[in-house]
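Quick caveat, the model's predicted, so the values are computed rather than measured. Chain letters run A, B, ... following the sequence lines, proteins first, then strands; residues in each count from 1.
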Amino acid sequence: MCASAKYNTRGPALIPRMKTKHRIYYITLFSIVLLGLIATGMFQFWPHSIESSSDWTVEKRSVHDVPVVKLPADSPIPERGDLSCRMHTCFDVYRCGFNPKNKIKVYIYSLKKYVDEYGTLVSNTISREYNELLTAISDSEFYTDDVNRACLFVPSIDVLNQNALRIKETAQALAQLSRWDRGTNHLLFNMLPGGPPDYNTALDVPRDRALLAGGGFSTWTYRQGYDVSIPVYSPLSGEVDLPERGPGPRRYFILSSQMALHPEYRLELEALQAENGESVLVLDKCTNLSDGVPAVRKRCYKNQVFDYPQVLQESTFCVVLRGARLGQAVLSDVLQAGCVPVIIADSYILPFSEVLDWKRASVVIPEEKMPEMYSILQSIPQRQIEEMQRQARWFWEAYFRSMKAIALATLQIINDRIYPYAAISYEEWNDPPAVKWSSVSNPLFLPLIPPQSQGFTAVVLTYDRVESLFRVITEVSKVPSLSKLLVVWNNQNKNPPEDSLWPKIRVPLKVVRTAENKLSNRFFPYDEIETEAVLAIDDDIIMLTSDELQFGYEVWREFPDRLVGYPGRLHLWDHEMNKWKYESEWTNEVSMVLTGAAFYHKYFNYLYTYKMPGDIKNWVDAHMNCEDIAMNFLVANVTGKSVIKVTPRKKFKCPECTAIDGLSLDQTHMVERSECINKFASVFGTMPLKVVEHRADPVLYKDDFPEKLKSFPNIGSL
Amino acid sequence: MGTPPCCPPGSGGGGGGGGGGGGGGGGGGRAAWLSIHRSGRCRMETCFDFSRCERHGFKVFTYPQERGQPVSETYSKILSSIERSRYHTPNPEEACLFVLSIDTLDRDHLSGQYVRDVDEKIRGFPLWNGGRNHLIFNLYSGTWPSYTGELGFDTGQAMLAKASFDSQSFRPGFDVSIPLFSKEHPQRGGDRGWLRQGSVPPSKKYLLVFKGKRYLTGIGSGTRNALHHIHNGKDIVSLTTCKHGKDWEKHKDTRCDKDNVDYERFDYQELLHNSTFCIVPRGRRLGSFRFLEALQVRGGQGDEGPPPPGSGGSVSACGVPPQAACIPVLLSDGWELPFAEVIDWGRAAVVGSERLLLQIPSAVRCIHPERVLAFQQQTQFLWDAYFSSVDKIVHTTLEIIKDRLSPHRSRSRFLWNSLPGGLLVLPGFSTHLGDFPFYYLQQGYSPSEKFTAFIRVVSQAGSLSQPVLRLIQAVSGSQFCAQIVVLWSCEKPPPPSGTWPQSSVPLTIIQGSRKLSQRFFPFEAIQTDAVLSLDEDTSLSSSEVDFAFLVWRSFPERIVGFPTLSHFWDAEQGRWGYTSKWTNELSIVLTAAAFYHRYYHSLFTEYLPAGLRELVGGLAACEDILMNVLVAAVTKLPPIKVTQRKQHKEGVAQQAECGDGAAGTPPPGQRSPSAPRSVPAEARGTAGSRRFSQRQDCLNQLADWFGYMPLVSSQLRLDPVLFKDQVSVLRKKYPSLEKP
């Protein structure tokens with residue numbers, strides 16, 4: 001299966017040479033994979049054993065057609081939940097196995113009606129919410145209808161709300177599930193655990209080893225890495241449409257909207273209000289509403305009536321206090337309103353805290369510090385508040401807004417535990433789309449200065465200008481840090497000169513022949529490149545001195561994640577034509593360097609060859625132009641950084657070259673280059689190039705200081 | 001619409017968002033809640049006295065050493081790390097956290113370092129208070145054969161910072177899981193790890209390696225006994241030996257002899273250096289030394305300059321090719337990973353399952369090259385940020401506890417897991433990512449578009465000198481200048497406001513003291529991200545300032561400035577030196593004329609212990625060197641030098657750097673920029689040279705404090721694109737920079 005994931009390490013010309021044995025192997029492997037994919041695809045559309053989702057309504061499922069199961073009074077009851085359970089002790093990971101898609105398989109038991117000895121229903125029918133949750137799972141990629149292939153089992157017994165449950169009988173119902181096996185690999189969803197007077201923070205139904213996706217865990221009941229903490233779904237999420245509100249000041253600073261607060265907390269909140277006046281609003285339920293107005297949707301302060309949850313959008317911070325239970329549905333409403341939740345519930349395990357970075361979306365205040373709430377919140381910078389608002393809204397949209405969102409996030413978390421090496425990243429979980437779009441995660445993020453001793457590999461792309469090529473080879477071989485020279489022979493009609501004709505140089509010289517005359521061949525990550533640093537150099541660049549090249553390498557060492565090159569270019573916005581324009585004149589700014597002579601990290605070869613977005617690679621090969629602009633786009637896009645132009649400008653003149661320098665007055669060339677910029681910007685969906693006004697020179701460049709004392713004296717001569 | 005099940009009418013407590021009527025419910029109040037949970041296992045809310053930390057903040061008290069009480073080398077390193085930290089207090093009255101002087105690291109009662117009668121001793125401590133607000137360090141607990149987590153004494157309500165924590169006895173949010181480290185682990189500094197070859201695909205010889213003991217019986221044998229199954233002799237090398245312990249031959253099985261032969265054939269270091277992944281299986285206990293070994297993997301020093309002197313950095317044997325750290329594949333089910341409260345191990349390691357050992361090869365084979373590259377870098381970053389020295393391990397432990405005390409002023413998970421790491425990011429400065437110089441690109445921000453000119457005036461005249469007036473004029477002429485702040489460090493009061501020059505930007509005067517380190521105090525008056533730090537006698541033009549500021553915007557985490565110094569290792573004297581001579585490289589930018597991020601003021605003042613700041617202020621006036629060392633330690637990068645007009649350079653050499661300027665010109669013909677000879681003899685005796693030698697001392701003391709030399713050299717200078725190019729000056733944006 002890896003064959004598709006792992007990229008081929010040989011050059012294009014080398015693929016046909018692959019041993020026949022291997023080819024057969026790969027072909028077989030590929031066929032198996034293909035079959036597998038088809039099969040999986042088919043299962044998606046196979047009729048499910050539980051009725052298919054679209055016409056799966058509460059009424060239909062609850063009353064008719066459902067087999068009835070009678071639970072004798074003495075039928076077995078599972079052990080209470082085992083607090084010591086962890087994945088490695090209570091979870092049967094062998095059921096999940098290694099699988100190429102890194103997806104766990106989830107089976108849903110078919111619906112049954114459970115009655116006790118006297119024929120009385122054990123539980124209500126499945127709630128609308130649980131129905132939505134099961135539907136979401138059965139529609140997802142995780143679903144399997146094959147109980148033998150399943151890794152995780154979800155009962156069709158609704159335990160979302162403990163209040164509605166007959167605890168003992170529900171436990172008995174669980175115990176007789178066909179694959180129960182002490183609850184191993186069974187997942188129960190519960191949002192309202194416990195009951196009066198003490199309100200346990202986890203479901204009281206004895207469930208043995210079953211995993212619990214619970215709303216309202218405390219640090220005492222939550223089995224870290226085993227259970228999943230989930231939100232308490234707010235029905236208002238589906239009922240009320242609160243459009244996202246832009247950043248900016250809101251009418252209230254702190255707002256409390258919860259109705260059933262413990263008097264102790266209400267007193268504290270009221271004290272806060274008395275102290276800080278109108279910026280704090282503490283609402284309560286309305287006592288004198290006329291009939292027909294749903295109390296759920298109104299809140300009152302004195303005689304003022306407010307619409308709920310709309311009023312939440314009027315406040316910067318919204319208090320989410322612990323009630324009898326730790327998990328509160330108001331959290332979901334608050335997030336939906338883009339109000340920053342102020343969570344006051346000691347020991348509460350926040351929803352999906354295994355993956356969500358709540359510190360960026362909320363303020364957690366210890367109950368003891370409630371009186372200091374106002375000053376604590378005041379100390380948060382406005383810019384951060386705006387980000388928290390955005391973050392809060394994003395959490396709601398992605399993980400709170402529907403039972404489907406809650407179900408899928410839960411399964412994904414369990415999936416990530418089982419296939420940790422394929423887990424979803426922090427950024428994917430936490431960054432709102434706006435940040436994902438505007439941020440970059442540099443693949444070479446660690447600040448390292450590669451050792452000078454490693455040297456660089458010069459890669460010369462050539463077609464048939466042998467004489468000029470040989471001069472380039474001779475010149476480049478004088479650079480002290482050159483460690484290998486690679487000639488990419490792009491001419492299929494002509495053989496490279498015989499070995500004996502090549503210049504004799506002090507470092508290894510390798511010639512790679514390509515299968516097709518493509519410009520992208522210059523950026524292929526050849527195995528022969530063993531250094532991090534690559535110098536891409538055209539076969540006609542003979543004017544760079546050894547000092548200039550060596551200095552370029554030293555600069556690259558200080559900026560190994562950038563393109564470091566000699567001739568610089570600029571992109572400009574053409575206001576008349578309303579599009580980008582390529583500029584090669586003497587400007588005060590640069591945004592690109594030509595790869596006719598540039599140092600860069602070998603990793604970018606890999607990116608260029610395998611990760612170039614859209615059809616850019618084909619475009620480049622078809623037009624036989626702009627591979628350098630494409631590389632500039634690629635590197636800037638992935639690192640967010642500018643190029644480094646080194647050393648003063650010189651004329652890149654050479655007798656036989658046509659279009660390396662803009663001064664060659666080749667108008668069509670310039671037009672085509674501008675076209676490339678526009679094309680690439682549209683493929684990338686943005687203009688990643690960064691404009692800067694600096695270039696790198698040796699520390700003592702042009703300083704009044706004896707030239708012979710300078711490390712790089714021979715710089716800038718024409 | 002059916003009744004939402006989540007908010008049934010009349011459900012007790014505030015459960016429903018919609019309909020949650022009903023009274024407050026029985027469990028609502030705080031007192032009632034506490035009474036339920038007091039009896040449960042410890043949590044911060046129930047076993048920690050927060051009020052102790054309110055008045056004096058987070059202060060840590062270490063019990064005084066008692067005579068006749070042996071303390072192991074490792075434990076004294078831990079104690080000294082605490083004492084070196086900015087949180088230490090000698091006064092128990094001020095303390096928020098207490099650390100015992102009794103060595104509790106080794107609680108294996110078969111061990112020679114096992115301390116007896118701990119219970120009795122603890123009972124004698126008046127401060128013990130049932131263990132409340134105490135932190136107990138432990139590396140080894142339990143003994144053969146069961147290796148349980150028992151410490152053999154009653155820890156009461158104390159928190160444990162313990163290695164090999166199992167997830168069941170770990171009290172989340174209360175205890176801290178620390179890595180197991182050896183007694184050779186350096187006190188400070190420590191190897192940075194030597195990831196060099198960021199090549200994709202990973203061109204290592206091996207994919208996955210392990211070499212270690214195979215337990216034939218007892219705890220941990222399950223995994224260790226199975227490891228040989230994945231050995232394929234090609235890219236997966238997994239070698240085990242039965243040869244350990246006294247009576248291995250008694251238990252030996254049929255494999256042992258053949259295995260032992262294979263085992264000798266491979267060198268452990270060679271394997272680690274040449275493998276992409278390393279298996280880190282459990283030992284008898286959950287954590288093993290291999291964990292840190294895999295994170296670190298020492299390599300040759302490369303050519304990063306001379307070996308660091310003295311303590312800290314170990315001079316490892318050359319000859320081992322510098323290679324990446326290998327990515328740990330953790331096989332230790334139920335291990336609460338070190339600092340997992342804050343570290344996202346999934347980004348740096350493959351957290352495998354012991355039960356799925358046989359799937360590991362195919363799983364790691366399928367990891368994409370990009371991910372491998374990211375894993376390698378993240379592994380090394382974590383090593384360098386939290387594990388490479390005892391100081392870092394202990395300070396990380398303290399910071400984790402400190403973060404719990406005020407969750408609203410603590411580091412997000414993002415901060416802990418991104419460069420430069422949680423220890424260097426002070427939540428007291430801000431909790432907003434955009435206020436730090438490190439996250440602009442990752443978060444899509446950009447630094448502020450204006451700067452604050454911050455001028456320190458020390459001259460005794462009490463009136464405004466010509467240079468200051470000129471300087472104010474020049475910086476206020478920059479299009480990017482938002483404000484000017486003058487730090488008036490003279491004894492005489494500043495001239496009345498009327499006498500200050502009229503400038504287009506607001507001017508604030510702060511009455512300061514003569515303390516040198518005050519120049520890096522985080523003054524509230526500074527309101528932009530960028531600070532242009534200036535001495536009163538610095539001479540700059542508006543266009544120099546403009547250009548330098550634009551450069552800084554490209555490198556907001558570095559110091560960007562004009563006059564520079566270069567440090568070097570003086571092999572003859574066996575110490576660090578520096579030179580202000582014209583050299584081909586630079587590693588220090590003088591803060592007499594430099595841009596840097598305002599956050600560094602906070603870091604300087606709050607991160608460094610007061611003692612160090614006093615040292616540089618009092619003894620040697622080298623606060624600017626300390627600032628450079630600090631920024632280099634944070635960024636691991638050199639500062640940036642920008643074009644300076646020649647006249648300006650001479651000015652600085654005479655004024656700001658008067659002492660050093662007199663330190664002689666380099667002997668002609670000497671071309672050795674990386675290690676010029678140190679102070680020439682003729683400079684001896686002058687005041688300037690005394691200052692120079694004090695500053696050299698200072699540099700050495702800083703290297704000693706950090707445990708290595710953080711400064712990094714650069715060979716380049718950034719000039720305007722058309723600088724001194726042969727093109728009409730009319731085309732040039734900064735023509736004045738080229739004037740002689």
Side-chain angles (χ1 to χ4, degrees), chain A residues 2 5 84 86 88 98 127-128 161 163 191-192 196-199 219-220 224 234-235 260 262 264 296 323-325 329-330 333 346 357 359-360 363-364 376 381 384 420-421 423 438-440 446-447 451-453 554-555 586 588 603 606 640 648-649 693-697 699 702 705 709 711, chain B residues 2 4-6 8 11-15 17-20 24-29 40 43 45 167-168 172 196 200 302-303 333-334 346 350-351 355 359 363 365-367 377 407-408 412-414 432 441-444 550-551 582 584 636-637 671 715-719 721 724-725 727 731 733:
Chain A
C2 299
S84 68
R86 293 296 182 273
H88 68 281
F98 178 70
S127 66
R128 177 195 174 94
N161 182 357
N163 290 339
M191 287 180 176
L192 299 180
D198 284 347
Y199 288 95
T219 56
W220 284 279
Q224 190 152 10
S234 166
H262 191 276
E264 191 182 319
V296 191
R325 294 188 173 99
V330 68
D333 301 335
D346 285 1
D357 195 344
K359 284 182 186 166
R360 294 176 63 189
V363 184
V364 176
I376 287 174
Q384 186 182 352
Y421 37 82
S438 64
S439 65
V440 290
L446 197 67
Q452 191 194 44
S453 56
E554 298 293 347
V555 172
W586 296 71
N588 286 289
Y603 181 71
Y606 165 80
R649 175 162 180 140
E693 299 188 0
H694 53 254
R695 71 161 200 248
D697 289 324
V699 175
K702 292 273 183 188
F705 193 67
L709 295 186
S711 299
Chain B
C6 295
S11 73
R43 295 292 183 269
E45 302 92 53
S167 51
Q168 287 166 23
R196 289 289 170 65
V200 168
D303 54 353
D333 288 351
V350 178
V351 185
R355 293 180 296 170
Q359 291 180 6
R365 232 181 262 285
C366 281
I367 298 176
Q377 295 174 84
H408 54 278
S412 63
R413 237 180 140 72
F414 173 85
H432 175 54
L441 288 172
Q442 275 162 292
Q443 294 296 319
L550 288 178
V551 169
W582 288 2
N584 286 298
K636 327 279 182 209
L637 295 168
R671 185 184 169 175
Q715 301 196 61
L716 59 94
R717 180 182 82 201
L718 294 183
D719 293 331
V721 170
K724 298 210 173 170
D725 276 358
V727 59
R731 277 185 176 257
K733 190 170 170 188

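Within the 4.5 angstrom heavy-atom criterion, only side-chain atoms of Q224(A), from C-beta onward, approach chain B. For chain A, the nearby parts of V551(B) are the backbone and the side chain; heavy atoms of each come within less than 4.5 Å. Only the side chain of L637(B) comes within less than 4.5 Å of a heavy atom in chain A; its backbone stays farther off. Interface remark: I367(B) contributes side-chain atoms only to the contact with chain A (heavy atom separation under 4.5 Å).
When atom types are taken as modelled, the side chain of D357(A) and the backbone of R413(B) share a donor-acceptor pair closer than 3.5 angstrom. Under a 3.5 Å cut-off, the side chain of R731(B) and the backbone N or O of W586(A) do form a donor-acceptor pair. Without hydrogens or angle criteria, D719(B) side chain to R695(A) main chain gives no donor-acceptor distance under 3.5 Å.
The candidate from Q384(A), K359(A), K702(A), E554(A) with the greatest count of non-hydrogen atom pairs under 4.5 Å with chain B is Q384(A). The most heavy-atom pairs under 4.5 Å with chain A, out of L718(B), L716(B), V727(B), V351(B), come from L716(B).
Taking each heavy atom of H88(A) and G334(B) in turn, the nearest pair found is CE1-CA, 2.9 Å. What you find for L550(B) and E693(A) is that their closest heavy atoms are CD1-OE1, 3.2 Å. Contact detail for R86(A) and S167(B): the closest heavy-atom pair is NH2-O, 3.3 Å.
In this structure, CD in E45(B) is found 5.0 Å from CG in D346(A), a value given to the nearest 0.5 Å. Between the OH atom of Y421(A) and the CD atom of Q359(B) there is a distance of 6.0 Å, given to the nearest 0.5 Å.
For the pair N584(B) and V699(A), the minimum side-chain heavy-atom distance is 4.5 Å or more.
Taking the side chain to side chain contact (heavy atoms under 4.5 Å, CB included) definition, one finds that S84(A) meets it with D82(A), Q168(B), sequence neighbours left out. Residues meeting the side chain to side chain contact (heavy atoms under 4.5 Å, CB included) test with P420(A), sequence neighbours left out: none.
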>> Test side-chain contact (heavy atoms from CB on, under 4.5 Å) on Q443(B) and V440(A); report intermediate values, then the result.
In response: CA-CA 7 Å; Q443(B) 294 296 319; V440(A) 290; over 6 Å; no

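Between R360(A) and S412(B), the side chains place no donor N or O within less than 3.5 Å of an acceptor N or O (distance only, hydrogens not considered).
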